Participant: 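The structure that follows is given in the form of structure tokens.
Keep in mind that this is a model prediction, so the values were computed, not measured.
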Amino acid sequence: MSPFLAVIARDVRLALRQGGGSYWTLLFFVLTVTLFPLGVGPDLALLARIGPGVLWVVALLAAMLSLDRMFQADYEDGSLELLALAPLPLELTVLAKAAAHWLTTGLPVTLLAPALGFLLAVDVTAYPILIAAMLLGTPVLSLVGSIGAALTVGVRRGGVLLSLLVIPLYVPALIFGALAVEATLDGLSPRPHLLLLGADLLVALALTPWAAAAALRLNLE
Amino acid sequence: MSPFLAVIARDVRLALRQGGGSYWTLLFFVLTVTLFPLGVGPDLALLARIGPGVLWVVALLAAMLSLDRMFQADYEDGSLELLALAPLPLELTVLAKAAAHWLTTGLPVTLLAPALGFLLAVDVTAYPILIAAMLLGTPVLSLVGSIGAALTVGVRRGGVLLSLLVIPLYVPALIFGALAVEATLDGLSPRPHLLLLGADLLVALALTPWAAAAALRLNLE
Amino acid sequence: MANLHWLANPGRFLRIANAVLPYLGALTAALLAWGFFAGLSAPHDATQGAPAKIMYVHVPSAIMSMAIFGAMAVASAVALIWKHPLADIAAKASAVIGAGFTATTLLSGSLWGRPTWGTFWVWDARLTSELILFFIYLGYIAIWQAIEDPNRAARAAAILCLAGSVNLPIIHYSVEWWNTLHQPAGLLQGRTDSSMAVPLLTLLAGFFSFYVTMLLWRMEREVVGRKIRQLRLLRAQA
Amino acid sequence: MPDTFAASGLACIRGERIVFEDLDFSLTSGSALLLRGPNGSGKSSLLRLCAAFLAPAAGALTWNGTPITADRDAHRARIAWAGHLDAVKPAFTVAANLAFWLGLAPGGAALAVDTALGPLGLGHLADLPAAYLSAGQKRRLNLSRLSGSRAPLWLLDEPTSSLDDASARALLAVINRHCDGGGMAIIATHQDLALDRVATLTMAAP
Amino acid sequence: MPDTFAASGLACIRGERIVFEDLDFSLTSGSALLLRGPNGSGKSSLLRLCAAFLAPAAGALTWNGTPITADRDAHRARIAWAGHLDAVKPAFTVAANLAFWLGLAPGGAALAVDTALGPLGLGHLADLPAAYLSAGQKRRLNLSRLSGSRAPLWLLDEPTSSLDDASARALLAVINRHCDGGGMAIIATHQDLALDRVATLTMAAP
Ligand code: HEM
Ligand SMILES: Nc1ncnc2c1ncn2[C@@H]1O[C@H](COP(=O)(O)OP(=O)(O)OP(=O)(O)O)[C@@H](O)[C@H]1O
Ligand SMILES: Nc1ncnc2c1ncn2[C@@H]1O[C@H](COP(=O)(O)OP(=O)(O)OP(=O)(O)O)[C@@H](O)[C@H]1O
Ligand SMILES: [Mg+2]
Ligand SMILES: [Mg+2]
């Protein structure tokens, strides 16, 4: 197995084994979404209107909740030093870890989105675009989040700081993602929003590994 | 200073220093609330209707995001062993730590709730009940959360089952809390919901320290 | 030993800053005084009346709030690439000032919004993006506080600043994708009457000069503060 | 009257495997017990049994003849613990770290923070953030708690690891003083510790 | 032709304080360098400099005369690192832990997992979850990576801490074998390590 794949496989296996890390995320996603009918009341028209937005916000929060898993444990047990010395460039290691994070949060959340959209009475016609938007947007959450996770890796339990750093960087993905679904529901074309999401993803892919690797290096001093 | 207060003071100071002063916690609430208009769209009438539900979700999040701070760091650096051997009974230590957790999450979100309600255009008449419900409900989140935090400290085996145990315990507080505010907005009496919240808090106060302390002892073996 | 001491260069900076600061302060005061006087004594806007005077605070501070972040991004890049010790001090010292201007923009805009739009706050693209800018400033300030060692904090903050600056144009141009209540840009395209434009531009210069004054003053304090800190640490070690 | 801490027929199971069986020892006030043996022979596990973190699979630990499980609160008050981990919060200064633990100590601290930092030579680091400490300095900070402790039974897990020679000697002096004052200590170690009154228990690999 | 790893005029600043200045050493293939000195004298910091985690405040480290910063990738490939922390994931088995690191090793692993577990006597624990390991066993698991490494420069921080005598001897044998094969090692330690060809660098307290 190539080192890149080995890192992905290791992180995915760790997420699945340790205290059900990724199940927490999914449970959180389901719970928070189902909370809205309880908190907002059973008005289906209302739920349908807020549905796409709620799904996006909760997906974002779910990704953020699990971000500190990305580097913190490796930092604290000394694995990060070894990863930084491994022949695999640290930028690729970051990419592999972001991929593992996405596989255990963004992907399951995307797959679950239609089911939860159903609970929120979101119109079925919007599902293909919802899934497409999430497939483009959730990797951005993992990639951009890797910068925040890397910056706060030396700060023990920097959860609040991490979210403070990351939320502003998440805003474009959130806006375009939600707008794509809304446009579809309003009978407009979601294309421009999806293209912008795609551009966001490309920028994130190109830049975040460098930024996160630089942040990790400075925390290894 | 009594040992009980000393533990509270230490945990509060740690929360304030490590990865976030208290004002960062406040910022986190504002940021998270901001996400909802971004996702759902700028319609104020719509926001006003989902406002109370959103505020409760944020309170839950604040509690969940910082739960692992309660015991995990102390477990990993060996402090938990010393706390377990200290003359203060472990049940009281748990209570002190839950109190510190509430002081740094539940209390600030409660105090900020009116300001956040303002951003979401929630009707001003609901604020007193919103605050009352949050003062009753957020301690439950910290107390019940302490069981989850204690059970998952260092345990890699049954994480899924354990979180499944805790989440249903959260739901009553969230439902009654949101219903109390909704009732007020609909011109009904919030009293039954507040009473139920109070009962929930009493039960949590009476039971959770024992459960969490037992769970911690199990993890010190 | 001499080249070990990174304060060697900042020492020269201290001398220069000390010499320049009084003049800058005077310039700032003059520009602001004249600008506000001219702005307030100009005739009221025909449609908006007296509240439109808020413009003289709102518009320059809005422009400064964005310009300062741009300056911080440049300083961060310089600090990362050329490791110039003053660059990260400049970025750090700018952040609080920029956050102040952003807060001023938000507040003055809210006050202005009440008479014109009938509400203090709407989730409009321009307003929201300014709010996000405020959050980015706060995150930047927060990371400086979270990391104890100033050399590491500087680099972490610089990375964050550059990442945040990629985000800024996206937020800013979202005005075009999201419907907005807010005024479109017009000031700098010469569509504004000169009775308003002249005081506005003067105030903009005044705000800018205020920024430079505050920046130098804060940088001075930072340099001195670091020196004291270092001496204290040296004593702790001895 | 001297106290006695004793084990009889002790057995320990960890991770479903028997670590040791039929272990006996007896320790009286004023002396120390060194636990020696290869890695995995159960030294740390025995210390955890002594602190009642773990329950024995068979046998019992007694204090003056009474099983320690009879009065857990009393037993807890007897113990000063220094494990593998240093219980140091990087965000606090050296002095603040120590002050918290001394403030929690059974029956109040025997020493002020400044005095407690002295024996292991940390006085000059008092105001430094603990994040700046080297491995050995961190360990010394953890061990400094001991000189401020009134607890009669000290349980130490490889206390000299990461310590330089001078600090290791200082630690031995602290332990000797504790034993001279009628205390006892159980110390897991891989090094030869030259203590005044000491017995050695060598554990076999499982 | 033997390689040379050397430092000249090295200075290190950490937490805004000078840890050491004007440090020189030179190491050639086939020999080891022991770093000795009191706690806080900068042994671990020097190792971090050698691994290029830290940048020197002055001076330079060179490999055959070329500064190590000239080609960071090449330098990374030269290093095998074993720090204070064991880089062991409790959720994985002993074998799985080792397999991951060997799989990442520069130029592929020199040894299979089973073979690499041998020298430090962990073979019989291969299928145990690492959560069950004792302190010394964890450390041995981390050190087992070394016998499977082709890297010429080993950087070890207190490798014998928590090791029992037999394991410490086994580790010394592994290091000697590495040096015999033309490798070099820099080892921070507080103990006397009886290696075959060794120089000692004693660092002063700052
Ligand atoms: C909280 C509310 C507000 C915020 C956050 C805000 C924010 C901003 C920002 C960021 C700019 C700079 C735009 C740029 O240069 O690209 C700006 C400019 C401006 N704002 Fe506001 N604004 C608010 C409310 C208002 C209101 C209520 C009015 C008047 C009805 C107003 C009128 C203007 C004008 C005239 C400009 C100058 C546009 C130009 O010519 O460049 N703003 N505002
Ligand atoms: N992360 C850090 N940040 C700031 N200062 C540090 C850091 N780590 C160590 N120091 C300081 O650098 C100096 C040298 O520390 P170092 O860890 O290199 O010592 P050492 O020789 O390895 O000591 P030990 O024998 O205790 O392991 C110490 O004074 C320490 O306070
Ligand atoms: N948390 C645990 N869960 C299950 N088994 C454990 C645990 N900790 C240790 N063990 C097992 O118990 C046995 C004894 O471990 P212990 O830590 O007591 O050894 P030790 O004598 O302290 O060794 P060392 O010298 O390496 O510190 C070992 O075989 C180990 O695998
Ligand atoms: Mg042990
Ligand atoms: Mg060291």
Participant: Start with the C-alpha gap between A:Leu218 and C:Ile159, add the side-chain angles, then the distance that decides, and say whether side chain to side chain contact (heavy atoms under 4.5 Å, CB included) holds.
Facilitator: CA-CA 11 Å; A:Leu218 86 92; C:Ile159 292 169; 3.9 Å; yes
Participant: Decide if atom CZ of C:Phe207 counts as having more than 12 heavy atoms of other residues, nucleotides or ligands within a radius under 6.0 Å.
Facilitator: yes
Participant: Atom CG in A:Leu165, atom CD1 in C:Ile136: separation rounded to 0.5 Å?
Facilitator: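 Those atoms lie 10.5 Å apart.
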Participant: Report which part of A:Leu207 has an atom under 4.5 Å of a heavy atom belonging to chain C: side chain, backbone, both, or neither.
Facilitator: side chain
Participant: Quick check on C:Leu160 against chain A: is it the side chain, the backbone, both or neither that has a heavy atom closer than 4.5 Å?
Facilitator: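 Both the backbone and the side chain of C:Leu160 come within 4.5 Å of chain A.
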Participant: Could you pull out the closest heavy-atom pair between A:Leu151 and C:Ala156, with the gap in Å?
Facilitator: CD2-O, 3.4 Å
Participant: Got a second to check how far C:Ile147's CD1 is from A:Asn219's CG, nearest 0.5 Å?
Facilitator: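 The distance works out to 6.0 Å.
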Participant: When you look at OH of A:Tyr127, are more than 12 heavy atoms from neighbouring residues, nucleotides or ligands closer to it than 6.0 Å?
Facilitator: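 More than 12 within 6.0 Å, yes.
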Participant: To the nearest 0.5 Å, what is the distance between CZ (C:Arg152) and CG (A:Leu220)?
Facilitator: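 Between atom CZ of C:Arg152 and atom CG of A:Leu220 there are 9.0 Å.
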Participant: Under a 4.5 Å heavy-atom cut-off, does chain C meet the side chain of A:Val203, its backbone, both or neither?
Facilitator: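 Just its side chain gets close to chain C.
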Participant: Looking at C:Gly139, C:Gly164, C:Ala157, C:Ala158, which one has more heavy-atom pairs under 4.5 Å with chain A than the rest?
Facilitator: C:Gly139
Participant: Looking at C:Trp217, I'd like to know if its CH2 atom is crowded, meaning that more than 12 non-hydrogen atoms belonging to other residues, nucleotides or ligands lie closer than 6.0 Å.
Facilitator: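 Counting neighbours around CH2 of C:Trp217, 12 or fewer heavy atoms of other residues, nucleotides or ligands fall under 6.0 Å, so no.
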